[in-house]
Number of protein chains: 2
Amino acid sequence: MMTQYAQARRGTITGAMRRVAQRENLPVETIRDEVAAGRLVIPANRLHLAGCQATGTALDPCGIGRAATTKINANIGASPLASDLQHEVRKLCWAVRWGADAVMDLSTGGDLAATRQAILDAATVPIGTVPIYAMIARPDGSVRAIEDLTAAEMLAEIERQARQGVDFMTIHAGILREHLDAAAGRTMGIVSRGGSLLAQWMAHHGRQNPLYELFDDISAIFAEYDVTYSLGDGLRPGCLADASDDAQFAELDVLGELVGRARDAGVQVMVEGPGHVPFDQIEMNMKRQEACCGGAPFYVLGPIVTDAFPGYDHITSCIGATAAAFHGASFLCYVTPAEHLGLPTAEDVKAGCIAYRIAAHAADVARRLPGARDWDDRISRARAAFDWEGVFAEAFDGDTARAVKAATAPAHEDHCTMCGRDWCAVRISRDLAARRRQAPAGDK
Amino acid sequence: MMTQYAQARRGTITGAMRRVAQRENLPVETIRDEVAAGRLVIPANRLHLAGCQATGTALDPCGIGRAATTKINANIGASPLASDLQHEVRKLCWAVRWGADAVMDLSTGGDLAATRQAILDAATVPIGTVPIYAMIARPDGSVRAIEDLTAAEMLAEIERQARQGVDFMTIHAGILREHLDAAAGRTMGIVSRGGSLLAQWMAHHGRQNPLYELFDDISAIFAEYDVTYSLGDGLRPGCLADASDDAQFAELDVLGELVGRARDAGVQVMVEGPGHVPFDQIEMNMKRQEACCGGAPFYVLGPIVTDAFPGYDHITSCIGATAAAFHGASFLCYVTPAEHLGLPTAEDVKAGCIAYRIAAHAADVARRLPGARDWDDRISRARAAFDWEGVFAEAFDGDTARAVKAATAPAHEDHCTMCGRDWCAVRISRDLAARRRQAPAGDK
C-alpha cells in the first residue's frame with residue numbers, strides 16, 4: 001500500500017515504473033530514480049491501476065517529468081447547463097483520440113460522482129479533478145455557499161474521490177490570507193475558480209486557507225490511495241499585466257513548502273503554474289518554479305502570450321506552452337479556442353489537443369530527447385519521396401492533410417506541393433541530385 | 001532620385017521616414033538613423049510612393065527593422081490553374097483586412113504583368129515579387145526552360161517590375177555553384193523554387209549563379225527606383241533534419257557579402273531566412289544572421305518547429321515566428337494551414353494572417369516595445385469589468401469572439417467566462433476586492 005514515490009525511495013521498481021520505462025524508452029532504473037527524486041510523477045491511484053471489473057479497463061501508467069516526453073492534459077466536464085454522463089465519456093475518448101495524455105474532469109453540473117465514476121471506469125489515461133467543485137455543486141445545479149463548508153466536509157469529499165480512483169487532484173493549498181491584499185490590486189484579480197472560492201472562505205471567516213491547514217490530513221488520504229498532488233496556483237495571473245507579480249510568487253513560495261511536506265508524507269506531487277505570461281518571462285518563470293519547488297514537475301496552463309486574440313487562445317497559448325516545455329515544464333494543460341468566451345465544442349477540444357501536441361512535440365525535439373525528431377524525419381523523407389500515403393500515414397492528423405491536399409489537386413508521384421509539377425522545387429532538386437550522382441566526378 | 005538609404009546616409013529626412021516615424025510613434029531622427037545604419041528598411045518604390053493616378057491609391061510607407069514593430073507578409077498570386085486579375089486584388093484586400101503589413105505577389109499563372117499592375121495600383125502596403133517566376137512563366141500556363149534564360153532577359157524582367165512600382169524583390173543571388181554538393185546530401189534538398197531553378201541553371205551551364213554575377217547591375221536598377229532587396233535564401237532548410245546545415249550557412253555568408261555590396265550601391269536590403277528550424281536553434285539562427293549581415297532586417301518564413309503536423313503549419317510556424325521575432329527577426333512571412341499540401345483558400349489566408357499577427361504582437365510585447373502591451377491591457381480591463389462590447393471591440397477578430405461567446409450564452413454584465421455566474425472567479429474576486437475596500441483597514 002505504498003505510493004510510487006515511497007517505493008522508489010526504498011529502491012523498489014514497480015510495475016507502473018516498468019510500464020513508464022517501456023513507454024518512454026528509458027531504463028527502468030532511470031524512472032525509479034527520477035520518481036525517488038520527485039522529478040517525475042506517475043499519477044496512478046492504486047484503484048485505477050487495478051482497473052474496473054465491469055469495463056475491464058485499467059489505467060495505463062503515464063510518467064510526467066523532465067526525463068519523459070512532455071505530456072498534455074485536456075479538460076472535460078459537465079456544466080449545470082449541459083450534463084450527460086455518456087456524453088462526458090465520449091468527450092474523454094475524443095480528447096484521448098486527439099492526443100490527450102491525461103484528462104481532468106472539471107464537472108460542475110449533473111451527478112458529479114456518477115460522471116466521475118463513469119469517466120474513471122472508461123479511462124486508460126490518468127484522471128484529475130478539482131475536488132472543491134464537488135464540495136459546493138448541488139445536484140439541482142445550484143451552488144452551496146463556500147463559507148458553509150467545514151473541514152470535515154472538505155476531507156470527506158477528497159477521500160470520496162480518492163476512493164473512486166482519481167489519479168491526481170488540484171488542491172489550492174498555497175493561496176494564503178496574507179496574499180489577498182496583493183491580489184486585490186491586480187487588473188484581473190483572481191481568475192482561478194478554486195482560488196477565488198478559497199479567498200471568499202478566508203474573507204468570510206477571517207481565517208487561514210482551510211486546505212493549507214488540512215494539508216497533512218489530505219496527504220494521509222493521498223498516501224493511502226497514491227493520489228498525486230497537483231498543487232493549484234489559485235493566484236495564477238489572468239492577464240499579461242498580472243504576470244510574475246508579488247501575489248503569484250508569494251503563492252509559489254508556499255507551494256514550494258508544500259512540495260516538501262507532501263514528499264515527507266510519501267506523496268507524489270506536481271505544481272500548477274500560469275496562465276498568462278509574456279514570452280520573455282516564460283524562461284524565468286520555469287526556472288523559478290524549479291528552484292522553489294525542488295524539481296517537482298511543473299504543470300502549466302498555456303501560458304497565453306497575448307491577451308488580444310480571444311477566439312484564438314489555443315494558438316496564443318501553445319506558443320507559450322512550447323517555450324514553457326522547452327524551459328522546464330513537464331505537463332501542459334490545453335487551452336481551447338473557446339477559452340475566455342464559452343464552453344468548448346468537440347471541434348474546439350480537437351483544436352486544443354492538436355495545438356498542444358504540437359507544443360509538446362516541438363519542445364521535445366528542441367530538448368533533443370533521444371528519438372524525438374525521428375517522427376519529423378520520417379515524414380520529411382516521405383515528402384521528399386513524393387510518398388503522399390506515407391505523409392498522410394505519419395501526419396498527426398492525416399485525414400485533414402489528405403483533405404487539404406485533395407481540395408487542390410490529386411496526390412502526384414512526381415511533385416510535392418501546391419506549386420504544380422513545373423514549379424516543384426523538390427522535383428527539380430531531386431532531378432539535379434540524381435544527375436549529379438550519374439555524372440563523372442569531374443563533370444559536376 | 002535617391003533611395004531612402006542614400007538620403008538617410010546624407011542626413012536627409014524624407015516624407016516616407018516621417019510617415020514611418022508617425023506610425024511607429026518614434027522620433028523621425030531615430031527612423032533616419034536606423035535607415036542609415038541599414039537596420040531598418042522602408043520598401044517604397046518611388047513610383048508606388050507617388051501613387052496610381054487611376055485609382056488614387058499610393059503606398060503608405062512601412063518600416064521594417066528592429067526599432068519598429070514586427071511586420072508580417074502574406075503571399076498571394078495566381079497559379080496556372082486559377083488566374084483572375086480581380087480575384088488577386090480581392091486577395092490583397094482580404095490579406096490586408098486580416099493584418100498583412102506587406103503582400104508578395106507570387107503569381108505563376110495568367111497575365112503576370114497585368115496582375116502585378118492591378119495589385120500595385122490597389123495596394124497601400126508594400127508589394128514584393130520573386131521576378132524569376134515571371135522570367136519563365138508563359139501566358140499559356142507553360143513554363144520556359146530556365147536554362148534558356150539569358151542575363152539580358154533576367155535584367156529586363158527585373159527592370160520591368162521595378163518600373164511597375166514593385167517595392168521589394170526576392171533575388172536568390174546567394175546560392176552558388178559551390179553550395180550544390182552540400183545541398184545534394186540533404187533530406188529535402190532545395191525547397192526554394194527560385195533556388196532550385198537557379199541550381200538547375202548552374203548545373204546546365206556549369207557556370208556561376210547569374211543573379212550573383214549580375215548583382216551590381218540589379219543594384220543599379222534598384223537604386224534608380226528604390227526597390228529594396230529581399231536577398232532570397234535559396235538553400236533554406238525544408239525540414240528539421242536540414243536546419244542549420246553547411247549549405248544554409250554557406251549561403252548566409254554570401255548573403256552577408258551581398259548586403260555590403262547592396263549598401264555600397266545605395267540600395268536598401270533585407271535578408272530572407274528559414275523555413276524549418278527546431279525551437280532550440282532559432283535564437284542561434286537569428287544571432288548568426290545579424291552578425292553575418294551587418295544588422296540587415298531578417299525576413300523569415302515561420303520557421304516551422306515540427307514537420308509532423310501538415311494541415312496545421314500556421315500553428316507549427318507561428319511558434320517559431322514568435323521566437324524568431326523575439327530573438328532578432330523583423331519581418332515574418334506567414335504560412336497557412338495549406339502549406340505543403342495545396343493552394344490556400346480565403347479561410348487559410350485569414351488563419352495564416354491571424355497566427356502571424358499573434359506571433360508579431362507577442363514578440364513585440366516580449367521585446368517590451370514602448371506601448372506594445374497597452375492593447376492587451378485594454379482588453380484585460382474590459383474583461384475584468386465584464387464589458388463584453390469592449391472585449392469584442394478591442395479583440396483582433398471581435399466577430400469570431402462574439403460568435404463563440406454567443407454559442408454558449410449571452411454576454412452577461414456580472415460574470416465573465418464559460419463557468420457561469422456562480423462559478424465566475426472574476427466576479428467573486430471583484431466582490432471580495434470591493435468588500436475589502438469598504439471594510440475598515442483593521443477589519444480585513
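Order of the sequence lines sets the chain letters (A, B, ...), proteins ahead of strands, with each chain counted from 1.
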K.L.:
Can you tell me which portion of A323(A) sits under 4.5 Å from chain B's heavy atoms? Options are side chain, backbone, both or neither.
P.N.:
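Both parts, backbone and side chain.
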K.L.:
Relative to chain A, which of R357(B), H314(B), R430(B) shows the most heavy atom pairs under 4.5 Å?
P.N.:
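Of the options given, most contacts go to R357(B).
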K.L.:
With a 4.5 Å cut-off on heavy-atom pairs, point out which of L180(A), T187(A), V305(A), T108(A) contacts chain B the most.
P.N.:
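Looking at each of L180(A), T187(A), V305(A), T108(A) in turn, T108(A) comes out on top.
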K.L.:
What's the spacing between W423(B) CH2 and I136(A) CD1 if we round to 0.5 Å?
P.N.:
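Between atom CH2 of W423(B) and atom CD1 of I136(A) there are 4.0 Å.
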K.L.:
Heavy-atom distance under 4.5 Å to chain B: side chain of R373(A), backbone, both or neither?
P.N.:
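Interface part for R373(A): side chain.
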K.L.:
Where on A407(A) is there a heavy atom nearer than 4.5 Å to chain B: the side chain, the backbone, both, or neither?
P.N.:
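Answer is neither: A407(A) stays 4.5 Å or more from chain B.
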K.L.:
May I ask you to name which of A359(A), C318(A), S380(A), S192(A) has the most heavy-atom pairs under 4.5 Å with chain B?
P.N.:
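Between A359(A), C318(A), S380(A), S192(A), the count favours S380(A).
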K.L.:
Taking the side chain as C-beta and beyond, is there a heavy-atom pair between F326(B) and I282(B) under 4.5 Å?
P.N.:
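SC-SC contact between F326(B) and I282(B) ruled out.
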K.L.:
Shorter than 4.5 Å, heavy atoms on both sides: which option in G320(B), A395(B), A183(B) has the most such pairs with chain A?
P.N.:
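It is A395(B).
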K.L.:
Go through A362(B), P278(B), S142(B) and name the one with the most non-hydrogen pairs under 4.5 angstrom from chain A.
P.N.:
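The residue among A362(B), P278(B), S142(B) with the greatest pair count is A362(B).
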K.L.:
If you define the side chain from C-beta out and look only at heavy atoms, does anything of M202(A) sit under 4.5 Å from I175(A)?
P.N.:
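The answer is yes; the side chains approach within 4.5 Å.
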K.L.:
Check whether any side-chain heavy atom of L106(A) sits under 4.5 Å from a side-chain heavy atom of R193(A), and report yes or no.
P.N.:
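Answer yes - side chains close enough.
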K.L.:
Please report the closest heavy-atom contact between A199(A) and L432(B), naming both atoms and the distance.
P.N.:
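Of all heavy-atom pairs spanning A199(A) and L432(B), the closest is CB-CD1, 3.5 Å.
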K.L.:
Shorter than 4.5 Å, heavy atoms on both sides: which option in P310(B), A184(B), G311(B) has the most such pairs with chain A?
P.N.:
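Answer, by heavy-atom pair count under 4.5 Å with chain A: P310(B).
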K.L.:
Is any side-chain heavy atom of L235(A) less than 4.5 Å from a side-chain heavy atom of R186(A)?
P.N.:
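They are in contact (side-chain heavy atoms under 4.5 Å apart), so the answer is yes.
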K.L.:
Are T322(B) and F279(A) packed together at the side-chain level, in the sense that at least one heavy-atom pair is separated by less than 4.5 angstrom?
P.N.:
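Side-chain contact under 4.5 Å: yes.
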K.L.:
Under a 4.5 Å heavy-atom cut-off, does chain B meet the side chain of I379(A), its backbone, both or neither?
P.N.:
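Just its side chain gets close to chain B.
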K.L.:
Heavy atoms only, distances under 4.5 angstrom: which of F309(A), W375(A), F396(A), Y133(A) has the most pairs with chain B? Name it, please.
P.N.:
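Between F309(A), W375(A), F396(A), Y133(A), the count favours F309(A).
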K.L.:
If we define contacts as heavy-atom pairs under 4.5 Å, which of T400(A), D348(A), D431(A), D242(A) has the most with chain B?
P.N.:
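With the most close heavy-atom pairs to chain B, the winner is T400(A).
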K.L.:
In terms of heavy-atom proximity below 4.5 Å to chain B, should H204(A) be classed as side chain, backbone, both, or neither?
P.N.:
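Interface part for H204(A): neither.
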K.L.:
Under 4.5 Å from any heavy atom of chain B, what part of A403(A) do you find: side chain, backbone, both or neither?
P.N.:
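For A403(A), there is no contact with chain B at all, as no heavy atom is under 4.5 Å.
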K.L.:
Hey, are the side chains of N75(A) and T336(A) touching, using non-hydrogen atoms and a 4.5 Å cut-off?
P.N.:
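No, too far: nothing below the 4.5 Å cut-off.
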K.L.:
When only pairs under 4.5 Å are counted, which of D397(B), I190(B), V191(B) shares the most heavy-atom pairs with chain A?
P.N.:
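Highest number of heavy-atom pairs under 4.5 Å: I190(B).
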K.L.:
Does the D307(A) side chain pair with the main chain of L240(A), one donor and one acceptor, at a distance under 3.5 Å?
P.N.:
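Answer holds: yes.
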K.L.:
Looking at A401(B), A434(B), P337(B), which one has more heavy-atom pairs under 4.5 Å with chain A than the rest?
P.N.:
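Ranked by heavy-atom pairs under 4.5 Å with chain A, first place is A401(B).
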K.L.:
Going by heavy atoms in the side chains, are I358(A) and Y312(B) under 4.5 Å from each other?
P.N.:
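Heavy-atom side-chain distance check passes, below 4.5 Å.
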